Every structure is written in structure tokens, then in C-alpha cells.
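This report refers to the structure that appears directly beneath it.
Counting from 1, the numbers follow the sequence of the chain as shown. Everything quoted here is computed from the prediction, not taken from an experiment.
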Amino acid sequence: VQLQASGGGLVQAGDSLRLSCTASGRTLSTYVLGWFRQAPGKEREFVAGIKRGTGNTRYAESVKGRFTISRDDAKTSVFLQMNSLKPEDTATYYCAATQSSLITSSLGWAANYDYWGQGTQVTVSS
């Protein structure tokens with residue numbers, strides 16, 4: 001599956017952004033979906049993940065209470081609503097997908113995902 005992320009931009013601290021990730025030509029209903037991010041000079045880190053079926057979610061501690069992941073399988077999309085953005089949220093954000101069955105606690109492992117979007121840049125100024 002080919003994933004296309006969008007919605008990034010330059011915002012000020014405290015602002016909100018909504019990232020979208022769409023799949024080309026197929027439904028995402030059979031995929032586990034996740035968002036990861038990578039800041040310059042840092043390793044890629046998990047942000048949020050959502051299971052298929054149950055829709056169970058998991059978040060990185062750094063974004064809990066501020067970010068919300070959701071999915072719309074009919075529209076072949078996964079979203080990341082980001083509120084109360086901080087400068088430390090500045091990074092390139094990537095969506096990812098896998099058809100593997102993952103338990104909630106394993107949503108955060110990048111190696112578990114087989115498909116990746118190209119990334120969208122989020123810059124938060126102070």
C-alpha cells in the first residue's frame with residue numbers, strides 16, 4: 001500500500017495541526033496504523049498507533065493528552081490531531097501501516113510496520 005502524508009506546516013507554540021495520511025487505491029480497514037516522527041539529528045520515535053477492528057490506541061508519553069489518532073477506513077485515511085503544540089514537537093512526521101496483528105503494547109515498534117509514507121514537516125516556533 002502507498003501512503004501519502006499531508007497537513008504539516010509552520011505554527012506557533014500552542015497551536016493545533018491535523019495531519020492526514022491517505023492510502024492509494026485501497027481501504028485501510030485491514031491495517032494497523034501508526035504515526036512516527038523524526039527530528040534532525042535524532043532517531044525516529046513513536047507518536048501514536050491505532051489497531052484495526054477494536055480501534056485501540058497507544059500514545060507516546062510526550063504526546064498523551066495533546067494528540068489524538070483516529071482512522072476513517074471508508075476514506076482510507078488515518079489522522080493525527082495535534083493540539084497544544086510545543087517546539088519539541090518539531091519533526092518530520094511519518095505514517096506507517098502493517099497488516100500484521102499487533103497487540104496494543106507493540107504499536108510503538110517501528111520494525112513492526114511494513115509500509116511508510118514520505119513524511120510531512122511540522123515546525124513549531126516558540
Side-chain angles (χ1 to χ4, degrees):
V1 61
Q2 290 186 326
L3 303 173
Q4 179 78 30
S6 62
L10 172 63
V11 298
Q12 294 186 332
D15 286 350
S16 298
L17 275 177
R18 189 190 195 210
L19 304 184
S20 300
C21 178
T22 58
S24 59
R26 65 177 64 190
T27 177
L28 288 175
S29 62
T30 60
Y31 291 82
V32 173
L33 303 167
W35 286 96
F36 291 76
R37 67 186 181 187
Q38 187 167 18
K42 295 187 177 181
E43 293 186 353
R44 187 170 298 190
E45 66 174 0
F46 170 70
V47 176
I50 186 167
K51 294 179 65 174
R52 59 177 178 241
T54 63
N56 288 351
T57 58
R58 187 182 183 207
Y59 296 91
E61 287 297 324
S62 59
V63 306
K64 273 184 180 179
R66 300 188 298 123
F67 291 11
T68 302
I69 186 171
S70 61
R71 61 190 298 157
D72 185 335
D73 293 335
K75 294 184 178 181
T76 68
S77 297
V78 58
F79 307 100
L80 186 68
Q81 178 66 43
M82 306 186 295
N83 299 328
S84 302
L85 283 162
K86 304 175 180 180
E88 51 263 44
D89 294 318
T90 295
T92 300
Y93 284 70
Y94 299 88
C95 56
T98 180
Q99 287 188 303
S100 299
S101 296
L102 301 181
I103 58 176
T104 305
S105 61
S106 66
L107 290 175
W109 290 92
N112 286 336
Y113 293 85
D114 303 306
Y115 306 98
W116 293 82
Q118 87 291 356
T120 185
Q121 178 67 37
V122 172
T123 303
V124 185
S125 64
S126 57

| request: State plainly whether one hydrophobic cluster holds both Tyr115 and Phe36, where clusters connect Ile, Leu, Val, Met, Phe, Trp and Tyr through side-chain heavy atoms under 4.5 angstrom apart. | output: no

| request: Please check if the side chain of Arg71 supplies one atom and the backbone of Leu28 the other of a donor-acceptor pair under 3.5 Å. | output: yes

| remark: d(Ser84 OG, Asp15 CG) to nearest 0.5 Å is 9.5 Å

| task | State plainly whether one hydrophobic cluster holds both Leu80 and Tyr94, where clusters connect Ile, Leu, Val, Met, Phe, Trp and Tyr through side-chain heavy atoms under 4.5 angstrom apart. | result | no

| task | Kindly determine whether Gln4 and Gln118 satisfy side-chain contact (heavy atoms from CB on, under 4.5 Å), including the steps that lead there. | result | CA-CA 6 Å; Gln4 179 78 30; Gln118 87 291 356; 3.2 Å; yes

| query | What orientation do Phe67 and Tyr93 show, parallel under 30°, tilted 30 to 60°, or perpendicular over 60°? | reply | tilted

| Flag for Thr30-Gln99: side-chain donor and acceptor within less than 3.5 Å | yes

| note | What one should report as the nearest heavy-atom pair of Ala91 and Arg37 is CB-CB, 3.8 Å

| query | Taking all non-hydrogen atoms of both residues, which atom of Gly49 and which atom of Tyr113 are closest, and how far apart? | reply | CA-OH, 4.5 Å

| request: Starting at CG of Leu19, measure out to CD of Gln81 and round the result to the nearest 0.5 Å. | output: 9.0 Å

| request: Please examine the side chains of Gln38 and Glu45, heavy atoms only from C-beta on, and report whether any two atoms are closer than 4.5 Å. | output: no

| Just by distance, do the side chain of Arg58 and the backbone of Ser105 share a donor-acceptor pair under 3.5 Å? | yes

| message | Show the nearest heavy-atom pair for residues Gly7 and Leu17, with the distance to one decimal. | response | O-CD2, 3.7 Å

| query | Under 3.5 Å, is there a donor-acceptor pair between the side chain of Asn112 and the main chain of Thr98? | reply | no

| query | Which heavy-atom pair separates Val124 from Lys86 by the least distance, and what is that distance? | reply | CB-O, 3.3 Å

| said: Please determine whether residues Val1 and Leu33 belong to a single hydrophobic cluster, defined as Ile, Leu, Val, Met, Phe, Trp and Tyr linked transitively by side-chain heavy-atom distances below 4.5 Å. | reply: yes

| request: Tell me yes or no: between the side chains of Ser125 and Gln12, is some donor less than 3.5 Å from an acceptor? | output: no

| task | Please answer whether the main-chain N or O of Gly8 pairs with a side-chain N or O of Thr120 as donor and acceptor at a distance below 3.5 Å. | result | yes

| Can you name the closest pair of heavy atoms from Thr92 and Gly119 and give their distance? | CG2-CA, 3.8 Å

| Nearest non-hydrogen partners of Ser70 and Ile50, listed with the distance | CA-CD1, 4.1 Å

| request: Go through the steps for Phe46 and Tyr59 under the test ring pair (Phe, Tyr, Trp, His ring centres under 6.0 Å), then give the verdict. | output: CA-CA 8 Å; Phe46 170 70; Tyr59 296 91; 8.1 Å; no

| task | Assess whether side-chain contact (heavy atoms from CB on, under 4.5 Å) is satisfied between Lys51 and Leu107, documenting all intermediate values. | result | CA-CA 8 Å; Lys51 294 179 65 174; Leu107 290 175; 4.0 Å; yes

| field | Heavy-atom side-chain proximity of Ile69 to Val78 below 4.5 angstrom | value | yes

| task | Show your reasoning for whether side-chain contact (heavy atoms from CB on, under 4.5 Å) applies to Met82 and Asp89. | result | CA-CA 9 Å; Met82 306 186 295; Asp89 294 318; over 6 Å; no

| query | Taking the side chain from Ser100 and the backbone from Leu102, do they hold a donor-acceptor pair closer than 3.5 Å? | reply | no

| query | Do Ser77 and Asp72 have side-chain atoms, one donor and one acceptor, less than 3.5 Å apart? | reply | no

| query | Would Val122 and Trp116 show up in the same hydrophobic cluster when neighbours are defined by side-chain heavy atoms closer than 4.5 Å? | reply | no

| said: Working to the nearest 0.5 angstrom, can you tell me the gap between Cys21 SG and Phe79 CZ? | reply: 9.5 Å

| query | Are Arg52 and Tyr31 in a cation-pi setup, meaning NZ or CZ lies under 6.0 angstrom from the ring centre and within 45 degrees of the ring axis? | reply | no

| If we ignore angles and hydrogens, is there a donor and acceptor under 3.5 Å between the side chains of Ser16 and Asn83? | yes

